[in-house]
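Side chains included, hydrogens not; waters and symmetry mates left out as well; all remaining heavy atoms used. Position 1 is the first residue of the sequence; numbering continues from there.
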Amino acid sequence: MLVTRGNRLYKTSRNRRRSRMVKPIHVLSGPNLNLLGTREPEIYGKDTLDDVRTRCEARAAARGLSVVFRQSNHEGVLIDWVQEARTEACALVINPAGYGHTSIALLDALKTLNIPVIECHLSNPAAREDFRRHTFVSLAATGIVSGFGAASYELAIEAAAGLVGAN
Ligand code: DHK
């Protein structure tokens, strides 16, 4: 059985297991990603956000982890969820979508975290319009996965699991 100590996972005895269960990976998606599958599918792919959720859950389960998977179109809601992750998550995967390019408030919230933060993009913003090439969120990210469509989320889960020491 895996448990957390700080942000890392350890195998442990049954007694210890009761007191320290593994926290989930929180996966946050920003504005317009609720439209995934129909929104510019040539850029963002045909998978829906529910498909992405299923893929994340499966990836995490294979590493003995669970996910809390959420999407919002509202900056303040995303910030509230980032703050929640401070105590409730072992790692955070975030696709900030358009807010990544604009939100210093989201960056400030992310900078309060003491857990791995994986920034995730379906497309490769560096290969798109100039205004997408700068992402405030990157300043607080442990690492970035971009350009692999829905698989970017799965790779981000893998990276998070590795960083917290899951098998
Ligand atoms: C999603 C968005 O909605 C855009 O605003 C970003 C990102 C790119 C993505 O590739 O997932 O520029």
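- Counting heavy atoms from C-beta on, the side chains of P24 and V67 never come closer than 4.5 Å.
- Taking hydrophobic clusters as Ile, Leu, Val, Met, Phe, Trp and Tyr residues chained together by side-chain heavy-atom distances below 4.5 Å, L49 shares a cluster with I43.
- Counting heavy atoms from C-beta on, the side chains of L106 and I79 come closer than 4.5 Å.
- In this structure, the side chains of N95 and L28 stay at 4.5 Å or more apart for every pair of heavy atoms.
- Contact of the E57 side chain with the R55 side chain is not registered, since no non-hydrogen atoms from C-beta on lie closer than 4.5 Å.
- Scanning all heavy atoms of the two residues, the minimum distance from S152 to G147 falls at OG-N, 3.6 Å.
- Here the straight-line distance linking atom CZ of R86 with atom CD of Q83 works out to 7.0 Å at 0.5 Å rounding.
- Cation-pi geometry between R53 and F69 is not satisfied (NZ or CZ under 6.0 Å from the ring centre, within 45° of the ring normal).
- In terms of modelled atom types and a separation under 3.5 Å, the side chain of S72 and the main chain of H74 share a donor-acceptor contact.
- Placement of V82 and L139 in two distinct hydrophobic clusters is found when ILVMFWY residues are connected by side-chain heavy-atom separations under 4.5 Å, directly or transitively.
- Residues V22 and L163 are members of one and the same hydrophobic cluster, defined by side-chain heavy-atom contacts under 4.5 angstrom among Ile, Leu, Val, Met, Phe, Trp and Tyr.
- Checked against the 6.0 Å centroid criterion, the rings of Y99 and H101 do not qualify as a close aromatic pair.
- With hydrogens and angles disregarded, a donor-acceptor distance shorter than 3.5 Å links the side chain of T112 to the backbone of A109.
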Run the numbers on T142 and V117 for side chain to side chain contact (heavy atoms under 4.5 Å, CB included), then give the verdict.
CA-CA 5 Å; T142 310; V117 174; 4.3 Å; yes
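- Ion pair K23/E88 not flagged as a salt bridge, since none of the NZ, NE, NH1 or NH2 atoms sits closer than 4.0 Å to an Asp/Glu carboxylate oxygen.
- The line from CG of L113 to OG1 of T87 is 10.0 Å long, rounded to the nearest 0.5 Å.
- Here D130 pairs with R133 in a salt bridge; the nearest charged N to carboxylate O distance falls below 4.0 Å.
- Here CD1 of I94 is found 6.0 Å from CG of L78. Values are rounded to the nearest 0.5 Å.
- Contact record, S146 with N124: OG-OD1, 4.0 Å, taken as the closest heavy-atom pair.
- Under a hydrophobic-cluster definition in which Ile, Leu, Val, Met, Phe, Trp and Tyr are linked whenever side-chain heavy atoms come within less than 4.5 Å, directly or via other members, V52 and L35 are assigned to different clusters.
- H134 is not listed as a side-chain neighbour of P125, based on a closest heavy-atom distance of 4.5 Å or more.
- N73 and Q71 share a side-chain donor-acceptor pair at under 3.5 Å.
- Contact annotation: the side chain of I118 never approaches that of I144 to less than 4.5 Å [non-hydrogen atoms, C-beta and beyond].
- For the residue pair R128 and S123, a side-chain donor N or O sits within less than 3.5 Å of a side-chain acceptor on the partner.
- Residues I25 and C90 are in side-chain contact: their nearest non-hydrogen atoms beyond the backbone lie under 4.5 Å apart.
- Proximity of a side-chain donor or acceptor of E119 to a complementary backbone N or O of S138 within less than 3.5 Å is detected.
- Rounding to the nearest 0.5 Å places OH of Y44 at 8.0 Å from CG of N32.
- D51 and T54 form no side-chain donor-acceptor contact under 3.5 Å, judged by distance and modelled atom types alone.
- With hydrophobic clusters built from ILVMFWY side chains whose heavy atoms lie under 4.5 angstrom apart, L33 shares a cluster with L155.
- Summarising the geometry of P31 relative to G98, their closest heavy-atom pair is CG-N, 4.2 Å, with the distance given to 0.1 Å.
- In this structure, the side chains of L36 and L122 come closer than 4.5 Å at one or more pairs of heavy atoms.
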